[in-house]
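Notes for the one structure printed next.
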Amino acid sequence: MMKEKRELVSVPGKWDISFNYAAGKTVSHFLAQIRDNGRILGMKCAKCHRVMVPPRSFCERCFVPAEDWVELGDEGVVEAFTIVHDVFEGSPPPPYAIAYVKLDGADTALANFVDGLDLSDISEATQRLKIGARVKVEFASRREGRITDFKYRIIG
Amino acid sequence: MDRRVAIVGIGQTRYETGKTESLDEIAFEAASKALADAGITRDEVDNVVIAASDQLDGRPISSMTLACPAGGYLKDEVKASDDGTLAVVLACLRLLSGVFHTSLVVSWCKCSEVPTAKVTNLSFDPFFHRDLGLNHINALSFQVNSYLSRYPISEWVPAKIVVKNRANAMGNPYAHLVEEVSLEEVVQSPIVCPPLRQLHLPLECDGACALVLTTRERVRLTTQKPVWISGLGWAMDSYYLGERDLHQLSSVAKAARQAYQRAGIKKPIDEIDVAEINELSAYHEIMAYEALDFCTPGEGYKLVEEGSTELTGKIPVNPSGGALAASPLFAAGLVRIAEAALQVRGDAGERQVTGVRTALAASCYGICAQGSSVFILSQES
Ligand SMILES: [Zn+2]
């Protein structure tokens, strides 16, 4: 049989599918309170007394429903952080910083972007953004009921 | 019924980027190699368990097109949309149920066909995390920074892990990445999300892996030396990172405790001869040493400094090169079991550790090792 050069083909594909994710009563109230009143609420489990944020209509540890809203402070402490310097498809253009912050009155940490840091200097940025640093919540003036309606800013 | 399951066949494709074979071709390749290794045909298999990600495969319910290439034609087939090691868990349970006798386990992933981080961003919930651009890589540094804040180890420690795993991969014909790196190259490699640099992270690639599992009664029907699964455990942590103890790998610790208990292991570092760990980063390999109880929390760096986990050390870790040398994401955990089994059989070629009787394989999967499974493999039943 004659030897011929075989061509290798690949076919492009793209998923373009719309979804509508129901947030449920609890998360809807949480997002509406952020949008309308600039307030962040946590949900307290009646059994283990943990104040959860993001709030849920149940405690996954005790496995019981939860319905006690608690208003959280607008300040808190950094529990974990990442400063992203690489480009990822589907993520914001780098650099950006995201921190998990335990807001005053909460038992769990809530993630969001950290604003007001010079991220071009890594050692400078990690001097300020570190575990234990205090941050303040800063709400956007125009809010749409999304988690991106606020950011954290390092204080002190 | 004798409640033992053995690995009697192992099949791997080469792990490389930009494979030109189609997904069904690599599934077929791994599955047929595993059958050939076991010395049986597809006729002896009564069920197929596969594990893959529909999103990374770019095919919703990818088993629709891939079950038969993986050996499932007119057979019982189930799929875990999860890490490859969970297909082994599922297959073990099915065999132990007594309903099935011989399982073909197949997992695959072609990272080069899709921007993986964009896919894993979609794994996050749409209300609180997806909008932040989090993915399976940039979230890792939440954990690493938390670990370092508690145990401030030098950057040379994870660098040593990278150098070790890359050097080990030179002896692994399946690992496509056969370049050694120096400590200096690691600490100077491009920063991804501090302190994680490019060389600290798994090298995502394409490939498939398959195992044949059978019961004690059927082992004699194969021609291969059996590798016994003498212990296994698996566990799931909370999805919410803000609720987790990020400085430790809790799911790994929980899975390991179960596996050790089932295998009767009391002092892992003395009783395990070699370990294959699906390390999510070089730092995560150190965290895994602690979660697997090779040392106490915060002391993982000592094992690295003493060279205990190098090829000639007390407990060599990732003689195959691990995920840092080749990670077909969803299949990477199954590769760890395959490699640990080759070590127990004495068939690991250049990367063989001498005198292996008991091996450990551990996988971490999900965002920041939300899930983990741990297997103890041994020569004796
Ligand atoms: Zn509770």
Side-chain angles (χ1 to χ4, degrees), chain A residues 8-11 13-15 17 19-21 23-24 27-28 30-31 50 52-56 60-61 78-102 106-113 119 122-123 125-126 129-132 146-148, chain B residues 18-22 54-55 58-60 110 112-122 124-150 190-198 201 238-247 368:
Chain A
L8 290 165
V9 172
S10 64
V11 175
K14 187 178 169 64
W15 287 4
I17 310 165
F19 294 85
N20 261 309
Y21 299 108
V27 170
S28 298
F30 172 84
L31 293 173
R50 283 190 317 144
M52 303 174 283
V53 58
R56 266 161 291 159
E60 67 185 22
R61 298 191 184 179
V78 173
E79 291 269 304
F81 66 91
T82 182
I83 300 172
V84 187
H85 280 267
D86 209 353
V87 177
F88 292 104
E89 213 179 310
S91 301
Y96 51 95
I98 299 167
Y100 273 92
V101 170
K102 197 178 269 187
D107 290 302
T108 66
L110 180 65
N112 220 328
F113 290 112
L119 298 172
I122 293 171
S123 63
T126 47
L129 178 54
K130 52 188 175 194
I131 292 169
R146 298 289 288 262
I147 194 71
T148 41
Chain B
K19 265 187 181 298
T20 53
E21 294 93 339
S22 66
D54 286 354
Q55 291 76 8
R59 296 150 166 91
K110 284 190 80 179
S112 69
E113 291 191 353
V114 60
T116 57
K118 192 172 184 180
V119 170
T120 57
N121 171 251
L122 293 174
F124 282 92
D125 70 84
F127 310 110
F128 301 106
H129 297 93
R130 198 185 290 173
D131 289 342
L132 305 182
L134 290 172
N135 57 50
H136 70 300
I137 296 167
N138 63 20
L140 290 173
S141 94
F142 288 128
Q143 258 177 330
V144 173
N145 284 318
S146 298
Y147 181 83
L148 288 177
S149 144
R150 190 169 293 227
I191 200 94
V192 176
C193 35
L196 290 170
R197 293 172 180 275
Q198 222 162 60
L201 293 166
S238 174
Y239 156 69
Y240 291 92
L241 296 178
E243 296 197 6
R244 281 167 54 178
D245 293 321
L246 289 169
H247 65 278
C368 292

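- By number of non-hydrogen pairs under 4.5 angstrom with chain B, the leading residue of Leu31(A), Leu8(A), Ile98(A) is Ile98(A).
- Ranked by heavy-atom pairs shorter than 4.5 Å toward chain B, the options Ser10(A), Ala111(A), Ala106(A), Ala97(A) are led by Ala111(A).
- Heavy atoms from other residues, nucleotides or ligands lying under 6.0 Å from CZ of Arg146(A) number 12 at most.
- Within the 4.5 angstrom heavy-atom criterion, no atom of Glu113(B) approaches chain A.
- Top candidate by heavy-atom pairs under 4.5 Å with chain A, chosen from Ala117(B), Ala139(B), Gly58(B), Ser238(B), is Gly58(B).
- Between the OG1 atom of Thr108(A) and the CG atom of Leu241(B) there is a distance of 11.5 Å, given to the nearest 0.5 Å.
- With sequence neighbours left out, Tyr240(B) forms a ring-ring contact (aromatic ring centres under 6.0 Å, His included) with no residue at all.
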The test is salt bridge (charged side-chain N to carboxylate O under 4.0 Å, His left out); show your working for Arg56(A) and Glu243(B) and say whether it passes. CA-CA 13 Å; Arg56(A) 266 161 291 159; Glu243(B) 296 197 6; 2.3 Å; yes

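- Taking Trp15(A), Phe30(A), Tyr96(A) one by one and counting their heavy-atom pairs under 4.5 Å with chain B, the maximum is reached by Trp15(A).
- Heavy atoms of Asn121(B) lying under 4.5 Å from chain A belong exclusively to its side chain.
- Heavy-atom pairs under 4.5 Å with chain A were tallied for Leu196(B), Ile137(B), Val119(B), Asp125(B); the largest tally goes to Ile137(B).
- The parts of Glu89(A) that come within reach of chain B are both its backbone and its side chain, each placing non-hydrogen atoms under 4.5 angstrom from that chain.
- Comparing Gln143(B), His247(B), His129(B), Arg244(B) by heavy-atom pairs within less than 4.5 Å of chain A, the highest count is held by His129(B).
- The salt bridge (Lys or Arg N to Asp or Glu O under 4.0 Å) analysis of residues 137-148 of chain B, with sequence neighbours excluded, yields no pairs.
- Atom CG of Asn112(A) sits about 11.0 Å away from atom CZ of Phe128(B), to the nearest 0.5 Å.
- Just one residue in the list Thr120(B), Thr116(B), Val192(B) forms a side-chain contact (heavy atoms from CB on, under 4.5 Å) with Phe88(A), and that residue is Val192(B).
- With contacts defined as side-chain heavy-atom distances shorter than 4.5 Å, the pair Phe127(B)/Ile147(A) does not qualify.
- For Gly242(B) against Tyr100(A), the heavy-atom pair with the smallest separation is N-CE2, 3.5 Å.
- Nearest heavy-atom pair, Leu132(B) versus Pro92(A), reported as atom, atom and distance to 0.1 Å: O-CD, 4.1 Å.
- For Arg197(B), no part lies near chain A; criterion is any non-hydrogen pair under 4.5 Å.
- If you look at Phe142(B) and Phe81(A), their ring centroids are not closer than 6.0 Å.
- For Leu246(B), the part sitting under 4.5 Å from any heavy atom of chain A is the side chain, from C-beta outward, and nothing else.
- Both the backbone and the side chain of Ile83(A) come within contact range of chain B, with heavy atoms under 4.5 Å apart.
- The shortest side-chain heavy-atom distance between Lys130(A) and Ser149(B) does not fall under the 4.5 Å cut-off.
- Heavy atoms of Asn145(B) lying under 4.5 Å from chain A belong to its backbone as well as its side chain.
- Heavy atoms of Pro190(B) lying under 4.5 Å from chain A are absent altogether.
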Using the rule given for side-chain contact (heavy atoms from CB on, under 4.5 Å), can you reason through Cys193(B) versus Asp86(A), listing the C-alpha separation, both sets of side-chain angles and the distance that settles it, and then say yes or no? CA-CA 7 Å; Cys193(B) 35; Asp86(A) 209 353; over 6 Å; no

